[in-house]
Structure formats: C-alpha cells, structure tokens
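As structure tokens, the structure follows; a few thoughts come after it.
Values reported hereafter were calculated over all heavy atoms of this structure, with side chains retained and with hydrogens, waters and symmetry mates removed. Per chain, numbering begins at 1; letters A, B, ... match sequence-line order.
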There are 2 protein chains.
Amino acid sequence: MFTGYQDSVMSPREKVIATALWLFTRKGYFNTSMRDITRESAVSTGSIYHYFKDKEGVATALFEALLERMQTELDTIMQLHESAHDQCRAVISLLFDITQSEPDVMAFMLYVKHREFLPNERPVCSSKPFETMRAMVARGMARGEIEQRDVQAASACLFGGAIRMITSELDGILEKPLHDYYEEVWSCSWRAVAAI
Amino acid sequence: MFTGYQDSVMSPREKVIATALWLFTRKGYFNTSMRDITRESAVSTGSIYHYFKDKEGVATALFEALLERMQTELDTIMQLHESAHDQCRAVISLLFDITQSEPDVMAFMLYVKHREFLPNERPVCSSKPFETMRAMVARGMARGEIEQRDVQAASACLFGGAIRMITSELDGILEKPLHDYYEEVWSCSWRAVAAI
DNA sequence: CACTTTAGAACGAACGCTCGTTCTAGTCAA
DNA sequence: TTGACTAGAACGAGCGTTCGTTCTAAAGTG
C-alpha cells in the first residue's frame with residue numbers, strides 16, 4: 001500500500017503524478033487502473049480528469065517532469081566540472097545516486113517501455129538529457145580527452161556499462177549495493193573511450 | 001498487415017507464436033488483443049485456447065522459444081572459439097546480426113518489459129543466455145585475457161555498449177546500418193576489460 | 001471392404017467483467 | 001452569487017475467456 005506521497009502540502013496534481021510514478025513502476029502502466037490512482041492518491045476521479053486530459057495525459061506529465069528534473073541536474077554538472085572526463089564521471093555518479101535513493105524515478109526513465117503507452121513521445125534515448133550526455137562526449141573528443149570516433153558509438157560504450165548495472169540493480173540481481181561497483185565501472189568505461 | 005508467417009507448413013501452434021512475436025513487438029502485449037492474434041494468425045479463438053492456457057501462456061511459450069534459440073546459438077559459439085576474446089566478439093556479432101535480420105526477436109528479448117505481463121518469469125538478464133555470457137567473461141579472467149574484476153561489472157561494461165547500440169537501432173535513431181559500428185564498438189568494449 | 005464409433009482439433013458467438021471516461025450534483029472560497 | 005474544484009455513480013466499449021457445436025480422420029468391428 002502506498003502512503004509516502006500523500007503529503008498534505010502537495011497539490012492534487014502533484015499527488016496524482018507521484019502516485020502514478022509509484023504505481024506505474026510497480027505494476028506497469030497497463031496493470032494500473034484509474035481506480036488504483038484514485039484510491040492511492042486520495043484524489044477523486046472527477047478531480048483527476050479536471051487536471052489531466054486522460055490516463056495518457058497523466059503519464060505524459062509524469063514523463064516530462066522527470067525529463068526536466070534530469071536535465072536540470074545535468075546542467076548543474078556541466079557548470080560544476082570543466083573536463084569531459086569529470087562531467088561524464090559525475091553523470092554516472094548521479095545516475096547511481098538516483099537509482100539508490102529513488103529507484104522509481106530511474107526505473108521509469110530507463111526501464112519502462114514508454115512507446116507502448118506514449119505513442120507520441122520520442123524514445124528516451126533521443127530525449128534532451130540523453131542528447132546532453134552525447135554532447136559531453138563530443139566535447140571530450142574536441143578537447144582531445146576522448147579518442148576520435150562516432151559519437152553515438154562512443155557514448156554507448158561510455159555509458160552502456162553503467163546503464164547495464166543500473167538495470168541489473170533495478171532487477172534486484174546485484175549482490176552488493178550499486179555504489180560498491182562505481183569505481184570499477186567507471187574505470188572500465190573511461191578506458192573504453194579515453195584518448196590513447 | 002501481417003502475412004509473412006502464415007506459411008502452410010507451420011502448425012497452428014507455431015503460427016500463433018510467430019504472430020504473437022510480430023504483434024507484441026509492434027504494438028506491445030497490452031495493445032494486442034486475442035482477436036488481433038486470431039485475425040493475423042488465421043487460427044481461431046477456440047484453437048488458440050486449445051494449445052495455450054491463456055494469453056499469458058502464449059507470451060510464455062514465445063519467450064521460452066526465443067531463450068532456447070539464443071542459448072543454442074551461444075553454445076555453438078562456445079564450441080567454435082577457444083579464447084574468451086573470440087567468444088565475446090562472436091557474441092556481439094551474433095547480436096548485431098539478429099538485430100538486423102530479425103529485429104522482432106531482438107526487440108522482444110531485450111526491449112520488451114516482460115515482467116509487466118510475465119510476473120512469473122525471472123528478468124531477462126538472469127536468464128540462461130545472459131548467464132552464459134557472464135560465464136564467458138569469468139573464463140576470460142581465469143585465462144588471464146580479462147583483467148580480474150567483479151564478473152557482473154566486467155560483463156556489463158563488455159556487453160553494455162553493444163546492447164546500447166542495439167536498442168538505439170531498434171529505436172531507429174542510428175544514421176548508418178548497425179554493422180557499420182561493429183568494429184568501433186568491439187574495440188571500445190574490449191579495451192574496457194582487457195588485461196593490461 | 002463398408003459402416004460405426006470415437007477422440008480431439010477447430011470454430012466463433014456469447015458472456016461477464018473491468019476499464020477509461022463522462023456526467024450531474026454538490027462544496028467551498030472569494 | 002459565481003466559478004473553480006470535488007465527488008463518485010453510471011455508462012458503454014472492449015477485453016479475455018468459455019462453451020456448445022461441427023468437422024476430420026483414424027480405429028474398431030463384422
């Protein structure tokens with residue numbers, strides 16, 4: 001039973017979105033009914049349809065909120081670190097952090113098959129945050145930190161290992177806490193693309 | 001409209017499974033109705049329920065068929081190649097091949113969120129084929145080809161880049177054919193984990 | 001051979017239920 | 001009083017599944 005997000009300071013709209021995140025990641029979009037959302041959020045059917053066009057509208061709002069939040073964090077990282085090396089390292093650290101402290105957020109971003117219920121959204125990996133990550137890699141190449149290569153391929157190799165570890169963690173098949181693998185994964189990933 | 005698998009030599013059971021693969025990857029499990037499967041496979045509702053317990057039973061049979069097929073191919077690779085290096089290289093080549101020639105197969109294996117409609121199946125990455133891939137990595141460490149590391153982390157880094165490229169291809173965001181990235185991805189991936 | 005019996009494959013209309021959504025009535029703040 | 005918000009009963013479409021029936025072909029029998 002979901003209780004964590006029924007904070008009285010939250011607006012009905014926020015309550016619905018937080019509940020949707022909880023339910024969608026736990027049971028999946030199609031196994032979650034509007035009645036489930038009504039019950040767990042303590043917001044009535046009528047109110048939900050006052051704030052959102054339909055069920056898909058709830059999912060879209062949730063998706064956009066998470067993308068925007070992620071983009072904000074990436075922007076901060078870009079300001080804080082100068083080298084592409086440090087930027088990319090910080091990104092993986094961020095992703096690991098979120099996976100541990102808010103697994104639902106990570107699961108919804110990486111793991112949920114959005115196209116099945118959001119036919120109008122572009123796939124996650126062509127969203128702004130993923131583009132930003134590729135831009136970091138491209139900048140690393142321009143600065144001579146990363147070997148000249150196809151940006152798409154280099155990005156896949158640099159972040160692919162970490163993302164794989166994250167989905168393993170979300171599947172619950174890791175023995176140790178995710179952060180215990182951080183240095184190991186980072187050193188592998190960087191070695192994969194580093195110049196010379 | 002789906003016509004490719006209505007081969008008259010196929011048994012009704014095979015027709016249903018082939019149609020399910022086609023529809024599930026194209027529209028998703030929950031957006032595919034039993035009527036859709038009936039129509040596209042030209043097998044009647046009654047017959048489908050004669051061969052399969054229920055809709056989930058169709059999905060389970062499909063999933064098991066694909067896992068078994070993948071395992072057979074991995075076994076062949078293990079016999080053909082001696083070094084872990086050659087084995088892993090061949091695995092990535094195989095995955096790229098399947099992605100290009102039978103994208104549905106790859107999409108269903110890697111991309112579809114099985115747990116949403118197969119609550120009794122373990123996640124893909126703890127299935128036998130994925131275990132076999134980790135065993136290859138472990139063997140590479142024992143032989144001194146791959147640096148001593150946590151096997152889980154090394155496997156993620158070695159195959160993560162390729163898998164990321166495959167999902168990019170399935171999302172249709174690659175400019176060139178997937179195979180054009182093969183050597184680049186492999187050299188990055190191997191560098192990530194190779195001994196010294 | 002011819003006829004009957006039988007097992008189970010194939011069929012698809014019909015059922016019951018759950019879902020997303022709508023609608024009307026009511027509440028509350030300004 | 002008005003307009004934004006809340007409430008939850010009611011609706012109709014569409015779903016997975018069932019079930020009574022028909023079809024097919026092999027086995028049994030004389």
Test item: B:Thr132 and B:Met78 side chains (from C-beta on) under 4.5 Å apart, heavy atoms: yes
All salt bridge (Lys or Arg N to Asp or Glu O under 4.0 Å) counterparts of B:Arg134, not counting sequence neighbours: none
Could you check which residues of residues 29-37 of chain A get a heavy atom under 4.0 Å from DNA chain D? Sort them by number, please. none
Could you please spell out the steps behind the side chain to side chain donor-acceptor pair (under 3.5 Å) verdict for B:Gln79 and B:Asp75? CA-CA 6 Å; B:Gln79 284 166 10; B:Asp75 288 341; over 6 Å; no
Name the pairs: protein N/O against N/O of nucleotides 21-26 of chain D, kept only if under 3.5 Å.
none

Specify the separation, in whole Å, of atom CD of A:Glu56 and atom C1' of C:dC19. 16 Å
Return the residues of residues 48-55 of chain A meeting this criterion: a heavy atom under 4.0 Å from some atom of DNA chain C. Order them by number, or give none. A:Tyr49, A:Asp54, A:Lys55
Does C:dA10 have its OP1 or OP2 closer than 4.0 Å to a side-chain nitrogen or oxygen of B:Ser44? no
From the list A:Phe117, A:Phe108, A:Phe63, ring pair (Phe, Tyr, Trp, His ring centres under 6.0 Å) partner of A:Tyr29 resolves to A:Phe117
Say whether, by atom type as modelled, one donor and one acceptor occur between the side chain of A:Arg122 and the main chain of A:Ser126 under 3.5 angstrom. yes
Tell me, please, which residues at least two apart from A:Glu147 pass salt bridge (Lys or Arg N to Asp or Glu O under 4.0 Å). A:Arg149, B:Arg191
Could you tell me whether A:Arg139 and A:Glu82 make a salt bridge, using a distance below 4.0 angstrom between a side-chain N and a carboxylate O? yes
Which pairs of donor and acceptor atoms, one on a side chain in residues 88-96 of chain A, lie under 3.5 Å apart (sequence neighbours left out)?
{"residue": "A:Arg89", "atom": "NH1", "partner": "A:Glu183", "partner atom": "OE1", "Å": "3.3"}
{"residue": "A:Arg89", "atom": "NH2", "partner": "A:Glu183", "partner atom": "OE2", "Å": "3.0"}

Answer yes or no on whether B:Lys113 is positioned over the face of A:Tyr111, meaning its NZ or CZ is under 6.0 Å from the six-membered ring centre and within 45° of the axis. no
How are the rings of A:Trp186 and A:Trp190 set to each other: parallel, tilted or perpendicular (split at 30° and 60°)? parallel
Sorted by position of nearest nucleotide on DNA chain C, 5' first, the leading residue of A:Thr45 and B:Pro12 is B:Pro12
